[in-house]
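Input: a single structure, listed below in structure tokens.
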Amino acid sequence: MTQNENNTQSNINISSPHAGTRYWGEVEVIEEGETYRISRVEIKPRHGIKPQVHYHRNEHWVVVSGVAKVTCGEQEILLNRNESTYVPAATLHKVENPGHIPLIILEIQNGEYLGEDDTERPYELNLVKSVAETELGSRE
């Protein structure tokens, strides 16, 4: 085995703390380095990842199977198999699976810091009101 092959293998991180099962599906880290992480993300039908923001990393999502409903900033798009999108740092974003089959995406994170403490979920911090909260507030 060459030195380069050995270095590539050492980047594969099946036991990453970022991998695991979530209520919406599961994440498998394929490879990670100091400034990047490549993951296989599977989202159950009719589930999604809560809106979130990262300040020190960008993300690229490629749909492998299923349909993704992606909200990035104010833009909402549907992505089919073999389509992709880019999520810039400091942009509120979420991905949902509106379909009846699992959504599988490859996620490439790239940035100067990839720690989980760089993830903010505004709904959990009460920085963003849901539609129901907004409508209720306007009736009072």
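Positions are given from 1 along the sequence.
- To the nearest 0.5 angstrom, Asp117 atom CG is 12.0 Å from His54 atom NE2.
- Chaining together hydrophobic side chains whose heavy atoms lie under 4.5 Å apart leaves Ile101 on its own.
- Between Trp24 and Lys50, every side-chain heavy-atom pair lies at or beyond the 4.5 Å cut-off.
- Ile49 and Val67 fall into different hydrophobic clusters, where Ile, Leu, Val, Met, Phe, Trp and Tyr residues are linked whenever their side-chain heavy atoms come under 4.5 Å apart, directly or through other members.
- Counting heavy-atom neighbours within 6.0 Å of Glu34 CD, excluding the residue itself, gives a total of 12 or less.
- Annotation for Pro45 and Pro102: closest pair CG-N, 3.9 Å, computed over non-hydrogen atoms.
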Only distances under 3.5 Å count here; give the side-chain donor-acceptor pairs of residues 83-90 to other protein atoms, sequence neighbours excluded, each with its distance to 0.1 Å.
| residue | atom | partner | partner atom | Å |
| --- | --- | --- | --- | --- |
| Glu83 | OE1 | Asn80 | N | 2.6 |
| Tyr86 | OH | Asn58 | OD1 | 3.2 |

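- Residues Ile77 and Val63 share a hydrophobic cluster, clusters being chains of Ile/Leu/Val/Met/Phe/Trp/Tyr side chains in contact below 4.5 Å.
- Looking only at side-chain heavy atoms (C-beta outward), Gln52 and His93 come within less than 4.5 Å of each other.
- Atom CZ of Arg81 has 12 or fewer heavy atoms from other residues, nucleotides or ligands within 6.0 Å.
- Taking 4.5 Å as the limit, some side-chain heavy atom of Leu103 sits within range of a side-chain heavy atom of Val95.
- In terms of the salt bridge (charged side-chain N to carboxylate O under 4.0 Å, His left out) criterion, residue partners of Arg40 (sequence neighbours excluded) are, by chain and number, Glu42.
- Connectivity analysis of hydrophobic side chains (ILVMFWY, heavy atoms under 4.5 Å, direct or indirect) links Tyr113 to nothing; its cluster partners are none.
- Partners of Leu114 under the side chain to side chain contact (heavy atoms under 4.5 Å, CB included) rule, at least two apart in sequence or in another chain, are Arg37, Arg57, Gln109.
- No side-chain heavy atom of Val62 sits less than 4.5 Å from a side-chain heavy atom of His60.
- Taking all atoms of both residues into account, the shortest heavy-atom contact from Leu92 to Pro122 is CD1-CG, 3.5 Å.
- Linking Ile, Leu, Val, Met, Phe, Trp and Tyr whenever their side-chain heavy atoms come within less than 4.5 Å leaves Trp61 and Val64 in two separate clusters.
- Ile43 and Val29 sit in two unconnected hydrophobic clusters of ILVMFWY residues. Membership requires side-chain heavy atoms under 4.5 Å apart, directly or through other members.
- Under the 4.5 Å side-chain contact rule for hydrophobic residues, Ile105 and Val70 share a cluster.
- For Lys69, the side chain to side chain contact (heavy atoms under 4.5 Å, CB included) partners at least two apart in sequence or on another chain are Glu76, Leu78, Glu96, Pro98.
- Remark: Glu28 CD to Glu107 CD distance equals 13.0 Å, nearest 0.5 Å.
- Lys44 places no side-chain N or O within 3.5 Å of a backbone atom of Asn97 that could act as its donor or acceptor partner.
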